[in-house]
Amino acid sequence: MKKIKILEERCKGCGLCIEFCPKKVLGFSEKRNLQGYRVVGFYAKEKCNACGICFLMCPELVFVSEE
Amino acid sequence: MKKIKILEERCKGCGLCIEFCPKKVLGFSEKRNLQGYRVVGFYAKEKCNACGICFLMCPELVFVSEE
Amino acid sequence: MPEVFRFPKSLKKTLFHYCPGCHHSIIHRLLCEVIDELGIRERTIGLASIGCSCFLYFYIDVDILEAPHGRSCSVGTGIKRARPDLVVFTYQGDGDFAAIGLGDSLHAASRGENITAIMINNTVYGMTGGQVSPTTLLFQKTTTTPYGRDPKKEGYPLKVAEILAGFEGVAFCARGAVNTPQRVLEAKKLLRRAFEIQLRGLGFSYLEFLSACPINWKMDPISATRYVDKLAETFPIKVFKDQLSEGKNEA
Amino acid sequence: MPEVFRFPKSLKKTLFHYCPGCHHSIIHRLLCEVIDELGIRERTIGLASIGCSCFLYFYIDVDILEAPHGRSCSVGTGIKRARPDLVVFTYQGDGDFAAIGLGDSLHAASRGENITAIMINNTVYGMTGGQVSPTTLLFQKTTTTPYGRDPKKEGYPLKVAEILAGFEGVAFCARGAVNTPQRVLEAKKLLRRAFEIQLRGLGFSYLEFLSACPINWKMDPISATRYVDKLAETFPIKVFKDQLSEGKNEA
Amino acid sequence: MMAKKVLVKGVEAIALGALEGGCQCYFGYPITPQNEIPEIMAIELPKRGGVFLQAESETSAINMVLGASAVGARVMTSSSSPGISLMSEGFSYLIALELPCVVVNVMRGGPGLGGIEASQGDYFQAVKAPGHGDGRFLVLAPYSCSEAYQLTAKAFELADKYRNPVMILSDAILGQMKEPLLLKSLKIKTYPKEDWALTGAMGRPSRVIKSLFLDSKELAERNLRLKRKYRAMEKEIRYEAIFSGEERVIAVAFGSIARICKEAVLNLREKGYEVGFFRPITLFPFPGKALLNMAERSLGKVSLVVFELNCGQMIEDVKLSLCGKAEAISRYYPPSILPFPEDIEKELKKCLKSSGFPKV
Amino acid sequence: MMAKKVLVKGVEAIALGALEGGCQCYFGYPITPQNEIPEIMAIELPKRGGVFLQAESETSAINMVLGASAVGARVMTSSSSPGISLMSEGFSYLIALELPCVVVNVMRGGPGLGGIEASQGDYFQAVKAPGHGDGRFLVLAPYSCSEAYQLTAKAFELADKYRNPVMILSDAILGQMKEPLLLKSLKIKTYPKEDWALTGAMGRPSRVIKSLFLDSKELAERNLRLKRKYRAMEKEIRYEAIFSGEERVIAVAFGSIARICKEAVLNLREKGYEVGFFRPITLFPFPGKALLNMAERSLGKVSLVVFELNCGQMIEDVKLSLCGKAEAISRYYPPSILPFPEDIEKELKKCLKSSGFPKV
Amino acid sequence: MRLEVILSGFGGQGILFAGNLLALCGMYQRYQVTFLPVYGPEMRGGTCHCTVILSDKEIASPLVLEPGYLILLNLPSFIKFMPRLKKGGLALVNSDLVKKEEITNFEELIKGKRVIFLPMNTLAEEVGAPQALNMCALGAFNGCLEIFSESTFKKALKEMLFPSKAHLFESNLKAYQRGFQEVKKIVKD
Amino acid sequence: MRLEVILSGFGGQGILFAGNLLALCGMYQRYQVTFLPVYGPEMRGGTCHCTVILSDKEIASPLVLEPGYLILLNLPSFIKFMPRLKKGGLALVNSDLVKKEEITNFEELIKGKRVIFLPMNTLAEEVGAPQALNMCALGAFNGCLEIFSESTFKKALKEMLFPSKAHLFESNLKAYQRGFQEVKKIVKD
Ligand SMILES: Cc1ncc(C[n+]2csc(CCOP(=O)(O)OP(=O)(O)O)c2C)c(N)n1
Ligand SMILES: Cc1ncc(C[n+]2csc(CCOP(=O)(O)OP(=O)(O)O)c2C)c(N)n1
Ligand code: SF4
Ligand code: SF4
Ligand code: SF4
Ligand code: SF4
Ligand code: SF4
Ligand code: SF4
Ligand SMILES: [Mg+2]
Ligand SMILES: [Mg+2]
């Protein structure tokens, strides 16, 4: 299974990934990036099935594979 | 029946009236107008049935009714 | 039998400057007859565009404005928006309407501007000496397609009426010709319908006429007139849309 | 399942300047994936047009030329005619392609220029602050239609794909969207097909994407993304023409 | 109605001025930094029975203007540099057809797409060559919101008076800056148009408005008539001057940079430096006589320093005005580098010094 | 190959010159009086593996030029006044993007549709404001078929050398007149374009050609770089002069009217009148130093009479060149009234007299 | 009296709104005012700033080389504008996005200048108006200077929100008040 | 030697062709030449004229105020150009379209000038080339002056007709010869 990395500095907090994640494992964290946005994080990373939907829908290419 | 007048000075000798006249009563005369064109005239005015086709086809409005 | 042999009231007596056998002036006459019959001469503004017909004002006895090349539909838009009570028509060549003016023409049509646009399609730029136009037939030789119009290079003839027929803003769209007596009679009916549509405020009315350009086709007037039938194979003569006959009566 | 989570090689790491939830950058990524997969990065010229995507060159790692507003298809014509061996794509907004650029766009299509034109249809002028565009929906409020788009005034939404599908010079014509994962996958296929058509020299390939503009629609990103479905009622998502699948294989 | 004080951008002042000037139709195409003008017109004109239409391009916008003007409407368009270029052909036709209209150019940095910050790079285009041929615009250059309001309203009067387009030449700074504006009502004259406008040939012979002249004498005559008209426009010349005759150096500038210069000049004068200020308000016709006059009335030798946000354009008109009777120095700031008043002060002091004038 | 002598029109000479200059692509839109150029290119370019395409408008033509230039082709367009106006935006982009190309303007009468007879009404547009912003063209003004041939060929070299559009400014008379032309082959330099053209990012980082500069310093820097380039172009200044130092009156003219003036000057000199002749061949950069030089080398007081087929445009550049050191008089003939040599002689004699100079 | 302020931050932080509002308050307080927005090219996002001048004399130049006051809502703004702050001038800084630790030459930048750090994002969130950090900043600014009264502020705010954003009045006011109070604590110290 | 000719007539009469051909003959005869067509605006039909200069010195101005020769093929041309003919100059006039009787001030117009009337249309028709009245005129012109040889004419004519109108060579030549001969009769008289 792919390890997914969240490039927080790219996130703009649009929420599309959260909305479309079929497993509902994503949410906004408390952290604010340099652009001033609340960034996305995993609520329950273990439930993620690496379906790739967050990658497909994220306008900012926040989700990348760890390798 | 309409009397047809030929405004010779308007004629440009394109020959469309002659071509389309169903009665074949039109032809070029010997006369040249001020624009330098051979002008159209009746060969056999009596055979004309006043169908109006020469009027319809003439680009120069050469044929007008006499009244 | 229509009323013939009558010099229309709206047509000035000036001699036409067109080449022998040019169809422009036949259409001028029809236009004037329709203006007379509808009684709109005194509230009509004509737009003379840049092309062989740019001297429209020498012949047609209505208020006329010269529009820059290709811009008649935009100029007409400005007029009609400012004075919706006036009747506005454009008189354009294929180069004017469909080459340089394509954007202006299509947008005015799409907005449903309540004006009448008349395009004289002679498949070339008559005034400038017979260059290729968007409506030039495939393989037709012109001064700028000396080896014939090659679809690989100059593409395909642009079918304006076919495009406009699909626009919701267009209320009337037809293609006619004046190369036979029958078609001349038919052409006048189309013109009349186009203006009636405008008078009822139904939207954009578009009327295209296939037209002979003997000089640039390098044909004698009679052959050129006959050759219009050949054009009609690419550009079918047809009423594409008529919202008045489709029952739409008032805007 | 497509290969995901991979940052395309042709995409630069620069942060996007787009508003949160804007679809432009999703399409950028797909475009880069297709360029990578077809291995054409080193012979592709991209045309950045004037609109929110004018900074294309900050993101896409191919040679890029900035075209004046609306002129990408003409600029692309110049490039492709001079260097037929290069792969040329335009990336344009609806305002750019279909308002000011309509003439340029349609003529290039009609000539069958062997280039790929991508139009991002967000129904407004994003960059200049959300004015009405030819593709604005009926009754939609924009900064220049404060009372909503009125068909009597601004006319009807212009359906570009529907027009282009009828052009003989057009080899591929489709409309997609990226507002659901499924559509994202589909969008990529369309992009790939558009470039394949160009690589085979079949003619003009046109691809329109419905795209969200949360900021000017005055919606949050999620609602805007959902709202794209509403756009699709006026602008159906569909492949209108695909000459490759229709059997045409080589120019 | 009591005059209301509002805080508005320069472009908003222009839109409000247009409404005050009796603008009936607006046609335009969006472009930063002037989008507030169409946006205000889109709201306001329909309320007043007027016409607002966003055109599909600048080319079509100016041609809609042409149409509306020909039938007698008070009509305007607005744009910024690249959009103005696209109107060149239309401008030339409007001038040739002697059709009145108001054109606003809120200049931005060029050439090409450039940038949207302030620039005065279109000076030459505005005053020398709005289009092909010999045509000219009457060009007004406001430097504050109040002036933008007043001059725009006045522009409609002048356009009708001379049957010629009038251009309001502003820039991104003036356009985007907000200032208080007193919305007082202005007396803007109207001129009858029945004797030339196309209104339908009712009860009179039909009319033609055209610019193609077959007969070469006709075309020459049209050109000479236009030339006479431009001379007549000299009546409208406006400028602002701070000048007593004692000055050794005079800063010349228009539009936004004139504000910066004025600040610098006022500061320097306060400190006792002999510097003056001259601001052309009409750029065409150019207040050249006033400038020459100033140079001649100077008690000593005087240098004119021309400050511009471009690579040096108005300097030519200043030099042409002076006929060699005073020195003109060009200090230009290409877009988008804006000088601060401090920079201008420094430049002016340098000029005072380098001309060998005694220091204060 | 032996040089062949042919009888050709000026516009044909331009087309032949372009082919000699290595023109690879032509994009244009028909307009009188220059249609022979596209017509010849349509025949000749395909034979040589080049590209000819008639665009659907001048706006698209200039943008096709832009595209072809960006990928390294030698490319040209041609038009006449109204069509040139429509290219303004594109011109400004070409300059800003530093893309070479050759633009031919065979001027006709303006403003508006005007007429198709000779005019020099686009002088200002050509030399001061081909588009918005501060951009300039290098402008060459031939006055005969041979010169049209040579300058057009050379224009391709200069465009590549400076990475800037070069304009051939001709007019209806020069364009339509036939003269014998010796078709000799010319040595036109080429310049490598690999270091800037867009050719695909093969074996190098990807490249961008753009004119939008976010950073205001970048935009200013681009402007200053262009300005430096224009200075460098002064190396290319060309002019023709008939001058010994004894002259009291010098006729200054370019293009077609220069021929008429030259005839008049030669006639007068033959009769012993002290008249000279100066013909700028580069209009931008303007041969101002040469003019000034002439004025300064004159043994007595000298008047320069500027003859133009417009309402007075080049007179400004002449005045600017002279810095008040000699008198410049404007004699203009708006289109389409052409003076005959006899008229010019009369004017020159009048000037000789009115300046109080002794009669011969 | 002449007051020159530059406000700077991200596009989304409401910099222009705050600057505009400040100028409007100034106008209602019978000052001459100019408000000059400067933003990136026709684009969304990115850093933006504006200059506001309040004066009791005619204002010619709307540009200010060395402002007396700065309101800085993000890090790039801090780095860009601190060097231009007049000696002895005051900068109000959003500590949520500007961390001293991340600025290498921090001490140098602030030398001879007054700097007040306030967590604008946090304060705004605390009053339940996370978007209104700009109002917080404005409140804090007026807390320092007291150039206009709260009733002036209310009048100006109402006008600026009218009509489409009228519902934001209360939350914006609260954020303003919170900033005002918060700065008072510090200034008092 | 310097020869200045204006040719004028209707658009369809081949004025420009004739003028061009005259210039080409001149060039082959080693003269300096200019040929300047002047025609109406972008339009078909209408009157057109052109100016041809042949000289053994450089020709600067292609414009001529008072030409020494005129070739006039229709009435408007006669009225327009006769007043400009140099004293003692020669006009060749197409009598098929220019009737003395129709010109009120005929005598005044021709005073001090030589005028030769020839029925160009008729002559051209007689040799079976009705379109070639321009060649008739050119033949007549050269018949008067003999500036170029018939072989020069043939060479030039061939070049001008090549390739699309090559078939017209014979008929054009005949018309030329007819004009040449016809004028000889008169000139001899
Ligand atoms: C801006 C501009 N470009 C080009 C021209 C030259 N021009 C005059 S008419 C014309 C085309 C005419 O063709 P069309 O519209 O088909 O009319 P036609 O003469 O065939 O009736 C052109 C290109 C012009 N006057 N203005
Ligand atoms: C000639 C010209 N006119 C207008 C503009 C201003 N302008 C910039 S982008 C744009 C429209 C953008 O809309 P669209 O093409 O739909 O792209 P989006 O921003 O929506 O992606 C306009 C009108 C310009 N730059 N140049
Ligand atoms: S990969 Fe699928 S399940 Fe995992 S976070 Fe992304 S969308 Fe959710
Ligand atoms: S979709 Fe991307 S940008 Fe949007 S919230 Fe998720 S990670 Fe952030
Ligand atoms: S009216 Fe009919 S029959 Fe008579 S001449 Fe005309 S076409 Fe022939
Ligand atoms: S149709 Fe008319 S113009 Fe043609 S020949 Fe007949 S009468 Fe003459
Ligand atoms: S050129 Fe063609 S369209 Fe023009 S007048 Fe002649 S025949 Fe008619
Ligand atoms: S304005 Fe609209 S299209 Fe432009 S970046 Fe923002 S969301 Fe995207
Ligand atoms: Mg045509
Ligand atoms: Mg858009």
Side-chain angles (χ1 to χ4, degrees), chain A, chain D residues 1-33 52-53 58-60 120 122 176-189 209 211-215 219-228:
Chain A
M1 199 186 118
K2 283 225 173 72
K3 288 243 177 79
I4 301 166
K5 194 162 70 185
I6 293 183
L7 303 174
E8 292 180 342
E9 280 309 322
R10 298 189 69 95
C11 179
K12 283 190 186 144
C14 69
L16 287 182
C17 56
I18 304 174
E19 175 77 7
F20 282 93
C21 170
K23 297 288 169 186
K24 297 290 162 212
V25 298
L26 296 169
F28 286 117
S29 78
E30 284 301 296
K31 213 158 143 197
R32 205 176 282 281
N33 64 14
L34 269 182
Q35 294 188 77
Y37 296 109
R38 275 273 148 78
V39 299
V40 154
F42 279 107
Y43 271 138
K45 194 163 185 179
E46 64 291 355
K47 284 201 220 143
C48 163
N49 63 2
C51 66
I53 283 176
C54 51
F55 174 85
L56 288 177
M57 293 308 296
C58 173
E60 310 298 333
L61 275 124
V62 167
F63 301 91
V64 292
S65 114
E66 266 192 2
E67 340 93 298
Chain D
M1 255 272 359
E3 212 189 327
V4 292
F5 298 119
R6 175 168 297 173
F7 211 102
K9 203 171 144 246
S10 304
L11 191 65
K12 299 186 194 175
K13 295 279 184 320
T14 332
L15 298 186
F16 294 113
H17 73 283
Y18 300 107
C19 310
C22 177
H23 289 185
H24 265 302
S25 44
I26 303 183
I27 300 161
H28 286 11
R29 174 174 57 78
L30 297 176
L31 185 53
C32 288
E33 288 176 2
C52 281
S53 60
F58 285 154
Y59 314 120
I60 303 194
I120 310 302
N122 58 11
V178 293
N179 70 328
T180 67
Q182 202 44 49
R183 287 202 175 129
V184 172
L185 294 173
E186 189 54 37
K188 182 168 166 187
K189 282 190 206 139
F209 288 115
S211 180
C213 178
I215 206 84
M219 289 179 185
D220 65 74
I222 294 167
S223 315
T225 296
R226 298 277 181 223
Y227 193 76
V228 169

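Side chains are part of it too, since the values below use all heavy atoms of this structure and drop only hydrogens, waters and symmetry mates. Letters go in sequence order (proteins before strands), and every chain restarts at 1.
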Segment of A:F20 engaging chain D (4.5 angstrom heavy-atom cut-off): side chain
Top contributor to chain A interface from D:P181, D:S25, D:G21 [non-hydrogen pairs under 4.5 Å]: D:P181
Contact summary for A:R32 and A:R38, nearest pair of heavy atoms: NH2-NH2, 3.4 Å
Lys/Arg N to Asp/Glu carboxylate O, A:E60 vs A:R10, below 4.0 Å: no
Heavy-atom neighbours of A:E9 CD exceed 12 at 6.0 Å: yes
Portion of D:V184 that has a non-hydrogen atom of chain A nearer than 4.5 angstrom: side chain
Choice from A:C54, A:C14, A:C11, A:G15 maximising heavy atom contacts with chain D below 4.5 Å: A:C14
Which portion of D:T14 sits near chain A, non-hydrogen atoms under 4.5 angstrom: backbone
Trace of the side-chain hydrogen bond (donor to acceptor under 3.5 Å, both in side chains) decision for D:H17 with D:Y59: CA-CA 10 Å; D:H17 73 283; D:Y59 314 120; 2.5 Å; yes
Worked verdict on D:N122 versus D:H23 for side-chain contact (heavy atoms from CB on, under 4.5 Å): CA-CA 9 Å; D:N122 58 11; D:H23 289 185; over 6 Å; no
Between A:E19, A:Q35, A:K5, the one whose heavy-atom pairs under 4.5 Å with chain D are most numerous: A:E19
Most contacts with chain A, counted as non-hydrogen pairs under 4.5 angstrom, among D:D220, D:T180, D:I27: D:T180
ring-ring contact (aromatic ring centres under 6.0 Å, His included) evaluation trace for D:H28 with D:Y18: CA-CA 11 Å; D:H28 286 11; D:Y18 300 107; 5.3 Å; yes
